[in-house]
Amino acid sequence: DQQVKQNSPSLSVQEGRISILNCDYTNSMFDYFLWYKKYPAEGPTFLISISSIKDKNEDGRFTVFLNKSAKHLSLHIVPSQPGDSAVYFCAASGMRAAGNKLTFGGGTRVLVKP
Amino acid sequence: ETGVTQSPTHLIKTRGQQVTLRCSSQSGHNTVSWYQQALGQGPQFIFQYYREEENGRGNFPPRFSGLQFPNYSSELNVNALELDDSALYLCASSRDRAGYTFGSGTRLTVV
């Protein structure tokens with residue numbers, strides 16, 4: 001039972017254009033959502049998060065949008081840079097989940113072409 | 001401020017053996033979580049330790065066990081290794097269950 005899904009396994013985008021990564025969840029108890037970026041041979045690094053009381057959060061080139069009614073969130077990267085090429089994971093947690101554990105999606109591999 | 005360090009970075013074990021993976025948490029962090037990432041998948045929660053006690057467990061059998069020490073470092077032990085245990089094992093530390101910092105992981109191969 002996959003509670004967090006990233007339906008696009010890969011995404012290719014031209015440098016300078018927008019990258020849009022999507023994530024869907026099924027568990028209504030999730031109230032906090034995060035995006036992580038992972039390079040090969042490194043652990044995931046935190047990018048940006050959003051609480052369920054908001055529908056948008058921005059941090060520089062990264063914006064996360066949350067649509068609670070659709071149980072959908074997206075990450076926008078504008079403009080995309082070659083250094084953004086990595087695997088991106090969407091993760092969710094709930095205050096009532098044991099220890100605020102993170103439930104991850106399967107990841108989307110992003111390739112930014114120069 | 002040191003980050004999360006894991007050891008070893010790689011190891012190969014034979015089916016049926018036991019393995020211990022280690023994690024040093026980031027300075028000031030009192031919570032450690034362990035995740036298993038199989039090839040091509042997202043990380044899956046194994047368990048979490050908060051102030052030396054297990055504080056939540058994912059859908060993993062009892063042969064996956066752990067410890068957290070007074071200095072908040074942690075160990076993950078896996079007994080009776082199976083081929084499907086081959087994966088990247090990630091440790092993440094946080095302060096009071098928020099703001100996880102991940103280590104680079106231990107790549108375990110079971111043959």
Side-chain angles (χ1 to χ4, degrees), chain A residues 1-10 21-27 29-52 57 59 73 75 86-110, chain B residues 2-10 21 23-26 29-60 66 68 74 87-107:
Chain A
D1 173 30
Q2 254 190 304
Q3 298 186 61
V4 178
K5 283 187 183 178
Q6 294 175 253
N7 290 318
S8 298
S10 64
L21 290 77
N22 294 302
C23 178
D24 297 296
Y25 63 96
T26 57
N27 191 337
M29 302 300 286
F30 289 145
D31 59 8
Y32 192 65
F33 305 89
L34 309 91
W35 285 93
Y36 283 85
K37 174 180 177 179
K38 188 178 185 301
Y39 294 117
E42 294 184 14
T45 54
F46 171 76
L47 267 180
I48 192 169
S49 63
I50 188 167
S51 163
S52 60
N57 188 27
D59 184 1
L73 63 155
L75 174 68
V87 178
Y88 290 77
F89 291 100
C90 166
S93 74
M95 286 303 293
R96 295 176 197 172
N100 276 353
K101 71 172 188 178
L102 297 176
T103 301
F104 284 85
T108 297
R109 183 177 302 276
V110 173
Chain B
T2 56
V4 177
T5 56
Q6 293 187 241
S7 61
T9 54
H10 297 84
L21 310 182
C23 172
S24 294
S25 57
Q26 183 168 314
H29 286 187
N30 55 17
T31 303
V32 174
S33 303
W34 286 91
Y35 289 80
Q36 180 196 66
Q37 186 181 9
L39 201 60
Q41 297 181 23
Q44 278 199 298
F45 177 73
I46 303 175
F47 45 56
Q48 182 180 85
Y49 281 83
Y50 175 61
R51 294 183 178 177
E52 301 178 59
E53 293 199 2
E54 188 178 292
N55 178 52
R57 188 180 182 92
N59 192 23
F60 281 81
Q68 187 180 30
S74 177
L88 178 69
Y89 288 84
L90 294 163
C91 169
S93 74
S94 63
R95 172 118 187 123
D96 295 328
R97 295 175 283 183
Y100 293 109
T101 301
F102 282 85
S104 297
T106 294
R107 172 74 60 189

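Since the model is a prediction, treat every value here as computed from it, not as a measurement.
If you tally non-hydrogen atom pairs under 4.5 Å between each of A/Tyr32, A/Tyr36, A/Phe46 and chain B, the highest count goes to A/Tyr36. With chain A as the partner, the residue from B/Gln41, B/Arg107, B/Gln44 showing the most heavy-atom pairs under 4.5 Å is B/Gln41. Per-residue counts of heavy-atom pairs under 4.5 Å with chain A were compared for B/Pro43, B/Gly42, B/Gly103; the largest is that of B/Pro43.
For the pair A/Ala41 and B/Ser104, the tightest heavy-atom approach, listed with the atom from each and the gap, is O-CB, 4.0 Å.
Aromatic ring centroids of A/Phe104 and B/Tyr35 lie under 6.0 Å apart.
With a 4.5 Å cut-off on non-hydrogen atoms, B/Gln6 does not touch chain A at all.
Applying the side chain to side chain contact (heavy atoms under 4.5 Å, CB included) test between A/Lys101 and each of B/Tyr100, B/Phe45, B/Phe47 identifies B/Phe45 as the sole match.
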